[in-house]
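First up is the structure itself, then whatever we jot down about it.
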Amino acid sequence: MRVDLKGLNQEETEVWVRDLGLEAYRARQIRQWLFKGLVHAFEEMSNLPKDLRTRLKEKAYVNPLEHVKTEESGDGTKKFLFRLLDGPFIETVLIPEMGHFTLCISSQAGCAMGCLFCLTGRQRLKRNLLPSEIIEQVIQVRRSMPDPDRMTNIVFMGMGEPLANYDATIRAVDNLTSEDGMNFSHRKVTLSTCGLAPEMARLGKDVTVNLAVSLNAADDETRSFLMPINRKYPLKLLLEACRAFPLPNRRMITFEYVMIEGVNDRDEDALKLAGLLSGLRAKINLIPLNPHPALDMSPPSRERVLRFQEILISHHFTAIIRKSKGLDISAACGQLSGLFGGALGK
Ligand code: SAH
Ligand code: SF4
């Protein structure tokens, strides 16, 4: 079995290199090529002797994803389709923002959580991604950019539930943020969860990243209807985990709230939400449901969304209405299916 090098951390790479009878500095060189040089193959590691490159190629691999195609939206958002080596497809979305780019990455092929409004959830779980498959999305998209350094932010908001693939997610975060890895700022990496309370407690101890919680409802009945995971970790438990989550100075937890007409969009829901989050360092992202023919739900009217926001603001919350990007190519939140062209349900 060849070793999957992008999934190893610095120490593990050193051990591997030493086991091959090489000096430790080779580990640093190789990691430089992988995470800063963004290489696809050992042949590209030009400061390694040629016979060493050939030897390494027999012992390890560095490219765990096949790029299948890219679609570009009218607003500049790009959706990348990748194939895992054993067949399943995943999607990654590059989003242009003011002066920089955010990359939305997948942590699983499909998702087992089955949220009613989410196309990834309709797909069920195909499998967990390996750490290298999570990181490789970042590497391949950076390779495609004229100025890769403009990609400053990473969000785990693509396909899958990152905390249901805990170990791989933590490893990926390590290589994304460590200085000898890709060196992204901890402040610019955000992990979004549907609310796996026990893993949230572990996460706070294991790494420093921004936390986003997909709340989507302010009472248990509505939340359990939309998100089956709420039956296991109801709001009380989830909010306790949020309150216990260690937040560095002035940081906040982001609460995502997908707004669905007639389900969770009344004034009363906004008031409940304000009550639920009171005392928490919280910022609220309102996401009008991104529609899809496979979903029998709609987003509320613009007026309804604005009114909902107004109520939250009057209770002193930061509440932002998130603009959907990439709608025309099914690249927006909840529209990733791994089936390019959004073939699900059509
Ligand atoms: N599994 C994680 C991260 C991926 S989902 C989580 O649930 O947080 C990323 C975000 O997309 C979540 O906030 C989810 O609520 C939102 N989402 C899912 N389907 C959507 C849809 N149809 N329209 C708008 N947002 C959606
Ligand atoms: Fe999974 Fe998140 Fe979609 Fe729910 S919203 S099904 S947790 S990807």
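For ligands, and for the atoms within them, numbers begin at 1 and follow the listed sequence.
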Ligand 1 to F156 polar contact by distance, N or O atoms, under 3.5 Å: no
Electrostatic pair E310-R307, nearest N-O below 4.0 angstrom: yes
Sub-4.0 Å heavy-atom contact, G158 with ligand 1: yes
G160 heavy atom under 4.0 Å from ligand 2: yes
Enumerated ligand 1 atoms positioned under 4.0 Å from heavy atoms of T193: 6 (C), 8 (O)
Numbered atoms of ligand 1 (with element) below 4.0 Å of G160, judged on heavy atoms: 1 (N), 2 (C), 3 (C), 4 (C)
Nearest-contact summary for atom 3 (Fe) of ligand 2 - protein heavy atom, Å: C118 SG, 2.4 Å
Nearest non-hydrogen protein atom, atom 1 (Fe) of ligand 2: C111 SG, 2.3 Å
Reference residue E256; test side-chain contact (heavy atoms from CB on, under 4.5 Å); the match among C194, C333, S214: S214
Nearest neighbour of [atom] from the list [options], on a heavy-atom basis:
atom	options	answer
atom 11 (O) of ligand 1	C333, A164, C194	C333
atom 19 (N) of ligand 1	P291, S107, G334	G334
atom 4 (Fe) of ligand 2	A112, G110, S106, C115	C115

Ring center gap for F42 and Y61 short of 6.0 angstrom: no
Donor-acceptor side-chain pairing of T254 and N285 below 3.5 angstrom: no
